[in-house]
Each structure stands twice: as structure tokens, then as C-alpha cells.
Amino acid sequence: MVQNRNSRKSLGIEPIVAAILLIVITVVAAVLLYMWFSGYLSATTSKVSSMATPEQFQVVAASLSISKGLNAYVQNTGSVTVTITGVYLLNATNGNLICQIPITATSISPGATVDITNSSNFASTCSVTPGTSYELLFVTSSGTKYAASVVASS
């Protein structure tokens, strides 16, 4: 029996076609995986960034006087109500805590500005010196902080 070369046909696909198909399948899978992963990451980061800083406020003006006490204007620049629960007097040079200034907890609506004052005689107990620079650290009920520099007056 004589075999003819042409009578022997391959039952599979050509090797070049198989290689091209594998490359196409790999590229499509990589693109789909990239699209899914980038969508997952952007959704996760947008959730985290919205949770990270819900409270935003600033101290517009602040003064510290031995005779008149603390007077500060605090503005809520965020979209949620901010409640200032504490004001701390810090050394402007090294950031060490000098004392806590007693205040009444104050809620500030979004966009509003309030006056936070303390006219009690805390300056003598805190050893405030006229002409000295201090940092006022304002703290909210959820722990957000904002520091403002002041120079004490008499």
C-alpha cells in the first residue's frame, strides 16, 4: 500500500492560527480584567475620599487677650454640621500644650460663621504673656482639628 502525501490531512487547526487565537484571547482577557479592576479602584477611592474629611472648617479671625479672653470667628466650609468641642492653647515654638481654654460646645451649620468666646480669667491660669505667639487648636466632636496662630495682647 502506497501512501500519498496529500491524502494525509491534519485534523487540527494550523499552528499559526492557533497562536493568533491564543494571543487574541489573552489580550481580551487582559482588557476586561483591567476595566473591571480600574472601575473597582475608582469606586473604592471615591468612597474613601468622601469618608475621609466630612468636616471642613476654618478660623477666619482669632484674638487672645489677657483682659478680654478668647474671641474667634469659625466658619463651616463643608457640607455637614461641625461641633467645636474644645480649644487648646499651644506653644507656637514647640507645639506643646499649655492649657485647655474652657468653651461651650458650639454647633456650626454648613456655610455659617460663629463667634466662639471665653471672657473668663483663663489667661492667668494658662500663664498667657502679652506679645507672645501662641497656637489655638480647635477640635470638633469627631476629632477634626484646625490650628490658628495668635499673638496675645494685654
Side-chain angles (χ1 to χ4, degrees), residues 1-65 69-118 122 126 128 132-153:
M1 190 176 217
V2 177
Q3 269 189 342
N4 188 354
R5 255 198 242 174
N6 293 337
S7 68
R8 206 169 153 197
K9 290 237 176 194
S10 172
L11 297 176
I13 56 176
E14 292 291 324
I16 190 78
V17 174
I20 291 173
L21 278 174
L22 284 174
I23 290 171
V24 167
I25 291 170
T26 304
V27 168
V28 168
V31 166
L32 290 174
L33 186 63
Y34 171 77
M35 289 171 52
W36 174 79
F37 193 66
S38 66
Y40 173 76
L41 279 181
S42 67
T44 303
T45 28
S46 68
K47 286 179 188 174
V48 168
S49 66
S50 68
M51 292 171 28
T53 57
E55 294 181 328
Q56 297 175 346
F57 68 99
Q58 65 181 358
V59 177
V60 179
S63 66
L64 183 64
S65 169
L70 168 71
N71 188 19
Y73 292 95
V74 180
Q75 181 181 29
N76 183 346
T77 57
S79 58
V80 296
T81 299
V82 173
T83 303
I84 305 292
T85 56
V87 179
Y88 299 90
L89 187 64
L90 307 176
N91 184 323
T93 308
N94 57 20
N96 288 341
L97 175 67
I98 296 172
C99 68
Q100 180 177 1
I101 299 173
I103 63 160
T104 304
T106 305
S107 293
I108 311 168
S109 301
T113 302
V114 298
D115 187 10
I116 296 178
T117 59
N118 180 328
F122 73 89
C126 292
V128 174
T132 305
S133 293
Y134 295 98
E135 290 284 323
L136 293 172
L137 183 65
F138 294 81
V139 181
T140 68
S141 57
S142 62
T144 305
K145 300 173 185 171
Y146 188 92
S149 297
V150 293
V151 176
S153 63

Practice prompt. Mind checking side chain to side chain donor-acceptor pair (under 3.5 Å) for T106 and listing every partner two or more places apart, or none if nothing turns up?
Written response: none
Worksheet entry | Heavy atoms of other groups near I16 CD1, more than 12 under 6.0 Å | no
Item to complete: Give the minimum heavy-atom separation between T117 and N71, together with the two atoms involved.
Response: CG2-OD1, 3.3 Å
Practice prompt. Calculate, to the nearest 0.5 Å, the distance between atoms CG and OH belonging to L70 and Y134 respectively.
Written response: 13.5 Å
Worksheet entry | L64 side, atom CG; E135 side, atom CD - distance, nearest 0.5 Å | 12.0 Å
Worksheet item: Can you tell me how far OG1 of T93 sits from CG of L90, rounded to the nearest 0.5 angstrom?
Response: 11.5 Å
Response to the item:
So CD of Q58 and OG1 of T113: to nearest 0.5 Å the spacing works out to 8.0 Å
Worksheet item: Would you say the side-chain atoms of N76 pair up with the backbone N or O of I108, donor to acceptor, closer than 3.5 Å?
Response: yes
Discussion item. If you compare all heavy atoms of P110 against all heavy atoms of G78, which two are closest, and at what distance to 0.1 Å?
Written reply: CB-O, 3.5 Å
Response to the item:
In this structure, CD1 of I25 is separated from CD1 of I20 (nearest 0.5 Å) by 12.0 Å
Worksheet item: When rounded to the nearest 0.5 angstrom, what distance separates OH in Y146 from CD in Q75?
Response: 10.0 Å
Practice prompt. Looking only at non-hydrogen atoms, find the nearest pair between V128 and A152 and report the distance.
Written response: CG1-CB, 3.5 Å
Distance-only criterion, 3.5 Å: show the donor-acceptor pairs between side-chain atoms of residues 80-89 and protein atoms not counting sequence neighbours.
residue : atom : partner : partner atom : Å
T83     : OG1  : S107    : OG           : 3.1
T85     : OG1  : V139    : O            : 3.4

Response to the item:
Residue set satisfying side chain to side chain donor-acceptor pair (under 3.5 Å) with T132, at least two apart, ordered chain then number -> none
